[in-house]
Amino acid sequence: MINRNFRTDPATGLVFHETAEKLIRANAVAAVVSLLVGGILAFFVIMTRWPAVHLLPADWFYLVLTAHGVDMLVLWIIFFEIAVLYFAGCVLLKCRLAAPKWAWTGFWLMVIGGIMNNVAVFRGDSSVMFTSYVPMGAHPAFYLGLILFAVGALIGCFVFLGSLVVAKSEKTYNGSLPLVTFGAVVACIIAVFTIASGAIILIPTFLWSVGLIPTIDSLMYKTVWWAFGHSSQQINVSAHVAIWYAIAAIVFGAKPMSEKVSRGAFLLYIFFLQLASAHHLLSDPGLTSNWKIFNTSYAMYLAVLASMVHGLTVPGAIEVAQRQKGYNRGLFEWLRKAPWGNPVFSGMFISLVGFGFLGGISGVMMGTEQLNLIIHNTIYVPGHFHATVVVGTTLAFMAMTYFLIPTLFRREIMFPKLAKWQPYLFGLGMSGFALFMMGAGTLGVPRRHWDMTFAGNPLGYEFAGTAYLMMGLTAICGLIAIIGGGAYLLITVGSVFFGKKIDVPEYRTLTLREGAAPRPVRQPVAVAIGAHHGNIGIAGFVAPGTFTLAMVFLVAFVLYYFVNWKYLSTVWPLS
Amino acid sequence: MSAIEPPVERIWWKQPLDRVEGTWIVIAFVWCIVMFVMMPYWHIYGKQNLSNEAYRTTAEAYLKKATESAEKTTVRTETDLKIPVVHPAPGGDAYLVARLWQWWPMLELEEGKTYRIHLASMDFLHGFSLQPENINIQVHPGYEHIVTVTPTRAGTYSIICNEYCGINHHTMASKLYVVK
Amino acid sequence: MNDKVAPNLLGTIEDDELDEPIPAMQQLLDNPFLLLFIGVAMPTVLYVIWGVMEIVSIPMAK
Ligand code: HEM
Ligand SMILES: [Cu+2]
Ligand SMILES: [Cu+2]
């Protein structure tokens, strides 16, 4: 029997399918639990990397760092992403979830895989970092756990794709997918490639760990592993860009400036985004510069172009919506009058700005073939990716949660005052953390390193005093971010379990015909956004404020990029 | 209506580009091309490029070469471990062995001279990180990577390991001397 | 959100909509499975296969 129970959320008009709703909740809860564990581990990691504190002994540090990487990057992010897929698929398309049994199987595989991997790490014989570069070996359960998790996530992707087919055949929407759902499709496509690559490399590695395969080539492993490891970051990018668009739509009723441009940018992601995995191998032997340059540049930076387009069109759409509401004065009235006290918006906006300015610029810089030489494996690298995957993705997911708690969990947000401040604490703390880490990395401080003082080592290197200062500031900002993360956990867990229940109409069974979307009054061909409302904006620019911000971004980008070439030109000649 | 609903227009692909978007796309595209061109440009006109010269090897074969070379060029030993300091001929080859948890031997190079430095690991991945120059190169087991370097400033440098290589990763450090 | 719209369920397609065919690019963007194929094929060929070929063609050390 196909479950056709749906309910309509009166506040937002969103339609929830019963099974889809349960799965979104389950995945979101698993995500938050992972974030809790990963966050506790983050505290120990940062307290150890703070030279003045140096909390854990070496073996525990490497163990905890491995678990922090897995629990955050893999578990928290991917559980939440599966929730996002089901949301963008079933809720936005008002359709039922395809293959609920498979969806639950996928979910439980992910749970079991995640636990298995963590058990392997905490046993103490699998402190190999989440990259698990061979020939350093972990316990077989480490790889098996990741494989099970990946298979579960892959099932989730196919359930999502199946739901699109259901929506189309049951006509729950007309015409093209909503832009947000389209963004989720892109995330899903990248996820399929990611997981397939993961399988190609992790299954042989698992067989090697149990002795069935004699050796695995380290360069081959590293190359294919990053097709998995980095592409999974590109899932995050697509997913959080989709969430930016969703939040712009939810909070402001913003309409994409142009479907064509936004979807075209997503298409560039499909084509080129995953190639950038190559930037992890720029300082490795054996791969030619042709391969490195073509791939690390996403084929001439076309995926960077796409991100720069999204970075403009999301705030641009908000600006247009605000100007239409009458906030049309000057360059920035629309931004000043934005709901800065609403964590859904403030979280999303900090995520966007932080991702662009900190994560984006630094990422492109160090993904340049030659510039990578002065950055590779320094603590600059975690500085960069905490700006992308924490300020960017994690904060976007947090912002989305504040919307999901009342609509999906039907609870009022607890501690609303704290919720107001949470994105600032977390976003700004993390931004400072990322910046200071990048500073320390520029001075050569290595990543994944227990003791930058080289205590007692006659051959050790003495870092400059500023490097210690940077690490200290990193730690202080990291603590602020941890407090922000703790606030998020307190608010979400508190609200979901103890928040005041919101009474809404219960599920009711919809027949196929009732569930079908009414045929909307549709315009045949889209016209330019200015044609509707010629009187907003300045000098023919409907979003002049956003354009100004974009130019500021570009200037920062160009300057920082060439400063690093200048720095590179002063190091020893190499060829 | 909005990004969470299907587009209201049946055909949205023909929507004319908005001026804000159009201008930005052109500017951003030009910048992307500039960044792309910088990499080949630096290969031709820049001085810092990572060598593509690499060979497949084994730990035994590489260690043998490195030991033979060190026997010929050792000028002194340092620390309790008696790690040899080698002074290779300018323009010649120098071998560096990365292994748990040591760089072997130590190199002494002459300022302004060019050397072919061979890098390979005997076991796990290691990270060659020259400080304070901040030159960072990944060192793989099974591969011999040959980089040509020209030290430009005399002094005592450090080579630390910046790829996690096990419990004593943070102890893996060595010196590199550049003399006049 | 669509509730106010006339409920001509699964209704007839208005004539003016039939006039113009959907542009090819829009059809591509509306086809998730074609996109899935492209999105998997591109990195597999350009990154994985090209990269693996370079690695296996590294010569032996003398
Ligand atoms: C408040 C929060 C956080 C703090 C203070 C924090 C701190 C740190 C620190 C200090 C490192 C180690 C740097 C090193 O020694 O190499 C690290 C590594 C890492 N963090 Fe976080 N982190 C936080 C949140 C997150 C989140 C939310 C994610 C992912 C979504 C994340 C993903 C990672 C990853 C993947 C690594 C790399 C582990 C490795 O090198 O193997 N972190 N973090
Ligand atoms: Cu090492
Ligand atoms: Cu190491």
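Residue numbers begin at 1 in each chain, while the letters A, B, ... track the order of the sequences.
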query = Can you say whether B:Leu176 sits under 4.5 Å from chain A via the side chain, the backbone, both, or neither, judging by heavy atoms?
reply = side chain
inquiry  = Counting only non-hydrogen atoms closer than 4.5 Å, does B:Asp80 touch chain A with its backbone (N, CA, C, O), its side chain (CB onward), both, or neither?
reply    = neither
key: Nearest heavy atoms of A:Val542 and A:Glu319, plus distance in Å   = O-OE2, 4.2 Å
ask   = Given the options A:Val309, A:Leu177, A:Val558, which has more heavy-atom pairs under 4.5 Å with chain B than any of the others?
value = A:Val558
ask   = For A:Phe87, is it the side chain, the backbone, both or neither that has a heavy atom under 4.5 Å from a heavy atom of chain B?
value = neither
ask   = Are side-chain heavy atoms of A:Pro135 and B:Pro141 found at a separation under 4.5 Å?
value = yes
query = Centre of B:Tyr62's six-membered ring, under 6.0 Å away, within 45 degrees of the axis: is that where NZ or CZ of B:Arg99 sits?
reply = no
Under 4.5 Å from any heavy atom of chain A - which part of B:Thr152 = both
inquiry  = Heavy-atom cut-off 4.5 Å, strictly under: side chain, backbone, both or neither for A:Thr442 against chain B?
reply    = backbone
request  = Mind ranking B:Met39, B:His145, B:Lys47 by heavy-atom pairs under 4.5 Å with chain A and telling me who comes out on top?
outcome  = B:Met39
task = Tabulate, in ascending numerical order, the residues of residues 157-169 of chain B having at least one heavy atom closer than 4.5 Å to a heavy atom of chain A, or enter 'none'.
result = B:Tyr157, B:Ser158, B:Ile160, B:Cys161, B:Asn162, B:Glu163, B:Tyr164, B:Cys165, B:Gly166, B:Ile167, B:His169
request  = May I ask you to decide if A:Leu574's main-chain N or O and B:Asn49's side chain share a donor-acceptor pair within less than 3.5 Å?
outcome  = no
key: A:Leu282 versus chain B, the contacting section by heavy-atom distance below 4.5 Å   = backbone
query = Contact part of A:Met452 toward chain B, heavy-atom cut-off under 4.5 Å: side chain, backbone, both or neither?
reply = neither
ask   = Just by modelled atom types, is the B:Pro90 backbone N or O under 3.5 Å from a matching donor or acceptor in the B:Lys113 side chain?
value = no
query = Mind checking what makes ring pair (Phe, Tyr, Trp, His ring centres under 6.0 Å) contact with B:Trp104, not counting sequence neighbours?
reply = none
inquiry  = I need the residue from A:Asn457, A:Asp451, A:Ile293 with the largest number of non-hydrogen atom pairs under 4.5 Å to chain B.
reply    = A:Ile293
Considering all heavy atoms, the nearest A:Asp284-A:Lys292 contact = O-NZ, 2.9 Å
message = Could you check whether any side-chain N or O of B:Gln15 sits under 3.5 Å from a backbone N or O of A:Lys260, counting only pairs where one atom can act as donor and the other as acceptor?
response = no
inquiry  = Heavy-atom pairs under 4.5 Å with chain A - which of B:Ser174, B:Pro151, B:Ala54 has more of them than the others?
reply    = B:Pro151
query = Okay, side chain of A:Thr368, backbone of A:Gln370: is any donor-acceptor separation there less than 3.5 Å?
reply = no
ask   = For A:Phe557, is it the side chain, the backbone, both, or neither that has a heavy atom closer than 4.5 Å to a heavy atom of chain B?
value = both
request  = Without swapping roles, check the side chain of A:Thr66 against the backbone of A:Met129 for a donor-acceptor pair under 3.5 Å.
outcome  = yes
request  = Name the member of A:Val525, A:Leu373, A:Thr378, A:Leu179 that forms the most heavy-atom pairs with chain B at distances under 4.5 Å.
outcome  = A:Leu373
inquiry  = Looking at A:Phe182, I'd like to know if the NZ or CZ of A:Arg263 sits under 6.0 Å from its six-membered ring centre while staying within 45 degrees of the ring's axis.
reply    = yes
query = Looking at A:Asp59, A:Asp217, A:Val304, which has the largest count of heavy-atom pairs under 4.5 Å with chain B?
reply = A:Asp217
remark   = If you tally heavy-atom pairs under 4.5 Å between each of A:Trp450, A:Phe61, A:Tyr173, A:Tyr245 and chain B, the highest tally belongs to A:Trp450
query = Of the backbone (N, CA, C, O) and the side chain (C-beta and beyond), which part of A:Leu65 lies under 4.5 Å from a heavy atom of chain B, both, or neither?
reply = neither
request  = Give a yes or no on whether a salt bridge exists between B:Glu144 and B:Lys65, defined as a side-chain N under 4.0 angstrom from a carboxylate O.
outcome  = yes
message = Counting C-beta onward and ignoring hydrogens, is there a side-chain heavy-atom pair between B:Asn134 and B:Asn136 closer than 4.5 Å?
response = yes
key: Partners meeting ring pair (Phe, Tyr, Trp, His ring centres under 6.0 Å) with A:Phe294 (sequence neighbours left out)   = C:Trp50
key: Heavy-atom pairs under 4.5 Å with chain A, option from B:Met172, B:Lys175, B:Met35 with the top count   = B:Met35
query = What part of B:Leu119 is in contact with chain A, defined as an atom under 4.5 angstrom from a non-hydrogen atom: side chain, backbone, both or neither?
reply = neither
query = Does A:Lys222 make a cation-pi contact with A:Tyr133 (under 6.0 Å, within 45 degrees of the axis)?
reply = yes
task = Identify the residues of residues 21-31 of chain B whose heavy atoms come closer than 4.5 Å to a heavy atom of chain A, ordered by number, or report 'none'.
result = B:Glu21, B:Thr23, B:Trp24, B:Ile25, B:Ile27, B:Ala28, B:Phe29, B:Trp31
ask   = Is any side-chain N of the basic residue among B:Lys72 and B:Glu68 closer than 4.0 Å to the acidic one's carboxylate O?
value = no
query = Would B:Glu9 and B:Lys14 satisfy salt bridge (Lys or Arg N to Asp or Glu O under 4.0 Å), going step by step from the backbone distance to the final call?
reply = CA-CA 10 Å; B:Glu9 301 88 2; B:Lys14 292 198 174 161; over 6 Å; no
request  = Would you mind checking if B:Asp93 and B:Arg116 are paired as a salt bridge, meaning a charged N to carboxylate O distance below 4.0 Å?
outcome  = yes
note = Applying a strict 4.5 Å limit to non-hydrogen atoms, the region of B:Met106 in contact with chain A is side chain
query = With no hydrogens and no angle check, is any side-chain donor or acceptor of A:Thr313 less than 3.5 Å from a backbone partner on A:Gly316?
reply = no
ask   = Side chain, backbone, both or neither: which part of A:Leu287 has a heavy atom under 4.5 Å from chain B?
value = backbone
remark   = Interface check, chain A: of B:Tyr55, B:Trp103, B:Trp42, B:Tyr143, most non-hydrogen pairs under 4.5 Å belong to B:Trp42
query = Can you say whether A:Ile379 sits under 4.5 Å from chain B via the side chain, the backbone, both, or neither, judging by heavy atoms?
reply = neither
B:Thr74 side chain vs B:Ala70 backbone, donor-acceptor pair below 3.5 Å = yes
request  = Spell out, as yes or no, whether a donor-acceptor pair under 3.5 Å connects the side chain of B:Glu111 to the backbone of B:Val178.
outcome  = no
ask   = Looking at A:Leu92, A:Leu312, A:Val180, which has the largest count of heavy-atom pairs under 4.5 Å with chain B?
value = A:Leu312
message = Given heavy-atom pairs under 4.5 angstrom as the criterion, report whether the side chain, backbone, both or neither of A:Asn174 touches chain B.
response = backbone
